[in-house]
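First up is the structure itself, then whatever we jot down about it.
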Amino acid sequence: MLSATDNETITRTGPGTHVGELFRRFWLPALLPSELPHTDSDPLRIRLLGEDLVAFRDTDGHVGVIQNNCPHRGASLFFGRNEEAGIRCVYHGWKFDVSGQCVDMPNEPAESDFRSKVRATAYPTREWAGVVWVYMGPPGLEGDLPRFEWTGVPPENRYIGKYVVDANWLQVIEGSIDTAHTAFLHRGPSTLEHKTAPRPMTDFSRDIPPHFSATETEYGVQVIARRDLPDHKTYWRITQVFLPSYSMIPADPNGNASLVATVPIDDVTCYSWKWTWHPRQAWTDEQVADMAGGSRRRIGGITYPELVPGTLRTAANAANDYRINRDWQRTLNFTGIAGQSEQDLAVQESMGPICNRTVEHLGSTDLGIIATRRRVLKAARDLQTGVEPPAARGGELYHLRSAAVTIDSQASLEDDPSVLAAMTAQA
Amino acid sequence: MLSATDNETITRTGPGTHVGELFRRFWLPALLPSELPHTDSDPLRIRLLGEDLVAFRDTDGHVGVIQNNCPHRGASLFFGRNEEAGIRCVYHGWKFDVSGQCVDMPNEPAESDFRSKVRATAYPTREWAGVVWVYMGPPGLEGDLPRFEWTGVPPENRYIGKYVVDANWLQVIEGSIDTAHTAFLHRGPSTLEHKTAPRPMTDFSRDIPPHFSATETEYGVQVIARRDLPDHKTYWRITQVFLPSYSMIPADPNGNASLVATVPIDDVTCYSWKWTWHPRQAWTDEQVADMAGGSRRRIGGITYPELVPGTLRTAANAANDYRINRDWQRTLNFTGIAGQSEQDLAVQESMGPICNRTVEHLGSTDLGIIATRRRVLKAARDLQTGVEPPAARGGELYHLRSAAVTIDSQASLEDDPSVLAAMTAQA
Amino acid sequence: MLSATDNETITRTGPGTHVGELFRRFWLPALLPSELPHTDSDPLRIRLLGEDLVAFRDTDGHVGVIQNNCPHRGASLFFGRNEEAGIRCVYHGWKFDVSGQCVDMPNEPAESDFRSKVRATAYPTREWAGVVWVYMGPPGLEGDLPRFEWTGVPPENRYIGKYVVDANWLQVIEGSIDTAHTAFLHRGPSTLEHKTAPRPMTDFSRDIPPHFSATETEYGVQVIARRDLPDHKTYWRITQVFLPSYSMIPADPNGNASLVATVPIDDVTCYSWKWTWHPRQAWTDEQVADMAGGSRRRIGGITYPELVPGTLRTAANAANDYRINRDWQRTLNFTGIAGQSEQDLAVQESMGPICNRTVEHLGSTDLGIIATRRRVLKAARDLQTGVEPPAARGGELYHLRSAAVTIDSQASLEDDPSVLAAMTAQA
């Protein structure tokens, strides 16, 4: 449960907001390179942290992210001409390079040309590891890009997806932090190919509820789930929340790992980013087809939803109640909804555009969420008092793995070598 | 004409509003039983008095009406599993019975289970006389259900319909109170099957405008319309407005009676409820088909509109200008719109979502409306000073008929036995 | 650049606003006569300066423009019966003539009839020169209708069009004042019938940027563009902005002249009016077909857009990105959009519903715009201090031509007889 004030603070990310300023200290995943497929390709409208922007890849291949409205009189640069190393407004021909500098002002007589004095808001970008990153904060405070394990693997070893969720960023990332929901929301076959559920749907007796603890770290929050097993063994699950909005879970038994992030489009919409990778193996064509087609097969613990072709919108959505099938819900899986991503969408969007956290009833499995909210609010408050977030330096701080290990109940989690090994990034 | 303040007061019905509190003292018609057709049938989203709710019929047949968002973290219970005498949130498996009590919390370790401390807002319901009633007020203040005549007739003697109107509740019920509009809005054939109008459309000379009076009563308002006839006879029409929002007119010559109500969905949308019945006769199959199909034949003085199949929305609506046909309007009936219900919709919705009553010009035929507004505002103000509305006790207070009688002009309306007989409910 | 306050002042035109009051001092073009094709034809809903109105042509051919909601209880008069020299509300039969006077109140008994006390807001209209004009200001302050040259030519010599633009009135008229954009936005073939652009699209070297000056006049603003030519010649272009929102450019070499106006529907939508005419020649059938069909051929320097049949909406619009074709933009014309009107729409609407002028960077070619804003704000402020706008007297003040003349550089613009001749209206 949050106070109304804290809920407002943590969910608002527009210019000038406290958490918005925090987001603006980090390199954010903004675009897939394929969205700007070649030099001088069509400009793209995007919105990030509530700001309307136009993205374009210039003649040299550099990606520009620039204010939507031309600084001259406000016509949208989306209709602009992307040519000769800049984007040119079609209204009067003013042209801007990727740095936002006005480089041509052809409607002005030579003697009164004032192009050197005109700059469009433009944010630096980096194209790296299959993602176009953008930094929307004060110049000079950019840190390193986050060296997640997937950034170091060959391109053929990773898959990256992105889609729009109609909800505030926080409730979407909270769904990823809270892995306790898996035993419920994702119970039963997800592809709806089965004919019957594998076991009584509401027999929860064989589940061992985990005991959670969470610790604040420099990069964000470390969440630990402990399950006491027979024979003096303990099963530990160590997961991470990275500032500003990443969540990682342990790799699956095949070694497939995954990471998710939510990036605010505005305060009621966000991008859900997902990465799956293997440190040493390339994906097969079949696996790529599964992920791209939204086959709902779990790889690295996650799935990609089916998208409306040519869009970043999911085919299952609020307008069609996520294609819920009540008969399937009675006989086959917990929700009657096909697909883990779609199941997540259904609950996350159904909380409302901005979840009212003043009326929650949190339990012990929500400990990771509580710690994350506290961590974000603390970092935002620190920033207001002039303390820059250490996590914004990025780089090696993000070079970490989640782990799932079974060790002797007597052993110390901190010192056990198998734990340390499991948490070391492999690429 | 109302002051801006009074218009605001009387039209707002959300939690904490004065008239909203008044509505919450009454059992309100909420659902048709057929909307929750069998035990453990699909949950239903509804909104009443501005509150988002989920309705479900549990394994024992009881109807639950419960807050839409799960008390845990806010996922919609609409996606929930309706099973084993309760509705279970699909996010983490929390389960609630029809009373709102949390009865299962399977994601929580046994030692920290706090289900007994968690209650969802849930409103008591009664399934009675072909209607699911809901009480949204303070526990313990529920009165009896209103014993309207139709509640006492065999099911086959009554017909019940319900549809959505895109307007504030008050302007919709005002249309029913103001029967003077019938001579205009509903003039001419309604089914548009005729080829010509039966008489010049704007020859109003044969109409005798009634003289209205209204008296406040315990149940609401009694409206009396007097028409002086030749030969020392007087035609009296006695109609009732029952709190919070019912309106009754006299039975038609065949003995078919009717009642209408408007129940706020929110402040710009309401349900229009209609009941037609005969105290001693079952409807024929043809009559039921007429009403269900929106044939626009008047029974008991009212009609049911044609609905978009599978919805509670009318086929004629603002988007299609209620299917107005200007040629018909010139030659056939007063509006060019087919159907009395559709004609009512056209004028009621066209007043705007919330009618601006500060610029009205009311006349003598609006006396019933004036008295009703005063009555509602008085009851709402009384409630704010701690005086509960006597009408909320329901029961016999609502066991009354509207009457249309012709008696000697000399006779006293209060004492005439034929009037008393006409106003006595017959079932 | 405007202050936030000035931008708010100049863009708001509803009742009680300063610029709204200014607009209400002028006869405004409101309807094409063909929108009310014959006596007692169907009523029409319109919105002007933020006011919802119903227009109708009565039995005598007079056009009434009256408040949308019936003064009685607020039902829309759009559903009314247009008959016997008035519009009759279908709810209770109240009838209003074109002056707004209630002339029948058939629901009221004779002794309490109060029709003489009820007036609907109604605005005087004039049907003149192919336009229905409306005056929405204080009675008695109406001036003459503006005697533009086109009002004096035979009907077959003029063409009049009107369509809806989804943007504030000011940014639309600013587009017409700012003729410097033509060299960019409208560069290249507009009909997209050509296969290649006639010259390199971004070779602006052959354009001679004009030098602008602007002077305030009684009717509004006179904008002068000077281009110094070889051989001691100077090319002058004299254009006018007439209050409240007209803009005129010089006739084309064939003698075809044009005028445009924007009339606020509300603050985020306006009508774009366009007139093309020839003082001495009738249009050919082919020319009329071109204009009516939106052929995109320029006549008198302007074009008419293609409309969605049966509506005042353009076929190219924000929802389809004005049918931009990026390949055409690369090879054929500056925008990749077909049609000068559509190109204007794209930039004007893309500024947002109300352009944020606090972040503009105006240059020397924006001088006419700057002068116009100042002129409008001054007239609005004067009016607040009781000074009526002289331009509102209309008539001969508007009997003027724009001019494009080449004269000796030594000659005085004011005194040159060819200039005076060019600026004299010819009809």
Side-chain angles (χ1 to χ4, degrees), chain B residues 1 167 171 174-175 178-188 200-205 207-212 226-228 318 321-322 324-327 329-330 333-337 343-352 354-367 369, chain C residues 15 36-45 47 51-52 54 56-57 59 67-96 100-121:
Chain B
M1 188 167 140
Q171 67 213 54
E174 284 181 353
D178 150 41
T179 53
H181 76 262
T182 301
F184 305 95
L185 187 68
H186 304 316
R187 176 174 294 243
M201 205 79 72
T202 55
D203 171 10
F204 307 115
S205 57
D207 297 313
I208 305 164
H211 295 261
F212 284 93
R226 195 193 83 226
R227 280 181 180 85
D228 295 319
D321 282 332
Y322 310 94
I324 192 171
N325 181 315
R326 295 287 184 181
D327 286 334
Q329 188 179 35
R330 286 186 185 93
N333 73 4
F334 206 66
T335 54
I337 295 170
Q343 293 157 2
D344 285 327
L345 268 182
V347 292
Q348 291 165 7
E349 294 186 344
S350 79
M351 295 169 176
I354 298 182
C355 179
N356 177 6
R357 291 182 179 77
T358 67
V359 292
E360 292 172 328
H361 291 80
L362 300 183
S364 63
T365 63
D366 298 308
L367 206 131
I369 288 173
Chain C
L36 298 170
H38 54 78
T39 59
D40 294 335
S41 57
D42 299 350
L44 201 67
R45 274 174 293 221
R47 181 182 286 177
E51 299 184 38
D52 285 315
V54 170
F56 63 101
R57 186 185 296 276
T59 313
Q67 68 182 61
N68 173 65
N69 294 102
C70 178
H72 177 210
R73 290 235 313 279
S76 172
L77 291 170
F78 167 74
F79 294 104
R81 302 174 61 84
N82 183 17
E83 62 192 5
E84 298 166 7
I87 193 160
R88 188 185 290 281
C89 181
V90 291
Y91 207 173
H92 301 87
W94 289 21
K95 185 172 163 183
F96 301 88
Q101 180 61 52
C102 183
V103 293
D104 198 12
M105 195 177 264
N107 70 323
E108 197 65 31
E111 65 271 24
S112 59
D113 188 309
F114 60 110
R115 75 182 75 169
S116 66
K117 294 187 189 149
V118 177
R119 287 192 76 87
T121 298

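Convention: sequence-line order gives letters A, B, ...; per-chain numbering from 1. Hydrogens, waters and symmetry mates are skipped; everything else that's a heavy atom, side chains included, is used. Worth saying up front: this structure is predicted, and the values here are computed from it rather than measured.
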- Message: Counting only non-hydrogen atoms closer than 4.5 Å, does V347(B) touch chain C with its backbone (N, CA, C, O), its side chain (CB onward), both, or neither?
- Response: both
- Check: V103(C) main-chain N/O paired with Q101(C) side-chain donor or acceptor under 3.5 Å: no
- Max heavy-atom pairs within cutoff under 4.5 Å with chain C, candidates H181(B), M1(B), E360(B), H186(B), goes to H181(B)
- Item | Region of E111(C) that comes under 4.5 Å of a non-hydrogen atom in chain B | side chain
- Most chain B-contacting option - heavy-atom pairs closer than 4.5 Å, from C102(C), C70(C), C89(C), A75(C): A75(C)
- Message: If we count only N and O atoms by modelled type, under 3.5 Å, do the side chains of E349(B) and Y322(B) hold a donor and an acceptor together?
- Response: yes
- Message: Is D113(C) in contact with chain B via its backbone, its side chain, both, or neither, using a 4.5 Å heavy-atom distance?
- Response: neither
- Note on the structure: Assert top hit (heavy-atom pairs under 4.5 Å, partner chain B, pool E108(C), E84(C), R81(C)) equals R81(C)
- Check the pair R57(C), H38(C) against side chain to side chain contact (heavy atoms under 4.5 Å, CB included), reporting the backbone distance first and the verdict last. CA-CA 7 Å; R57(C) 186 185 296 276; H38(C) 54 78; 5.6 Å; no
- What part of D366(B) gets closer than 4.5 Å to chain C, counting heavy atoms only: side chain, backbone, both or neither? side chain
- Item | Among S76(C), S112(C), P71(C), residue most engaged with chain B (heavy-atom pairs, under 4.5 Å) | P71(C)
- Who wins among H211(B), R357(B), Q348(B), Q171(B) for the most heavy-atom pairs under 4.5 Å with chain C? H211(B)
- Scored by heavy-atom pairs under 4.5 Å with chain B, the best of P106(C), S41(C), G93(C) is P106(C)
- Message: Please classify the contact between E174(B) and chain C as side chain, backbone, both or neither, with a heavy-atom cut-off of under 4.5 Å.
- Response: both
- Side chain, backbone, both or neither: which part of R115(C) has an atom under 4.5 Å from a heavy atom of chain B? neither
- Could you look at F79(C) and say if it's the side chain, the backbone, both or neither that has a heavy atom under 4.5 Å from chain B? both
- On a heavy-atom basis, the closest approach of M351(B) and Y91(C) is CE-CE1, 3.2 Å
- Minimum heavy-atom distance V90(C)-G80(C), with the two atoms named: CG1-CA, 4.1 Å
- Query: Which pair of heavy atoms, one from I337(B) and one from Q343(B), lies closest together, and at what distance?
  - Reply: O-NE2, 2.8 Å
- Note on the structure: Under 4.5 Å to a heavy atom of chain B? For N107(C) that would be both
- Cation-pi between R326(B) and F78(C): NZ/CZ under 6.0 Å from ring centre and within 45° of the ring axis? yes
- Message: I need the minimum non-hydrogen distance between P43(C) and N82(C), along with the two atoms involved.
- Response: CG-CB, 4.4 Å
- Query: What orientation do W94(C) and H72(C) show, parallel under 30°, tilted 30 to 60°, or perpendicular over 60°?
  - Reply: parallel
- Minimum-distance pair of heavy atoms, taken over all atoms of T59(C) and A85(C): OG1-N, 2.6 Å
- Selection from D321(B), T182(B), V359(B) maximising heavy-atom pairs under 4.5 Å formed with chain C: D321(B)
- Item | Heavy-atom proximity to chain C below 4.5 Å, by part of I324(B) | side chain
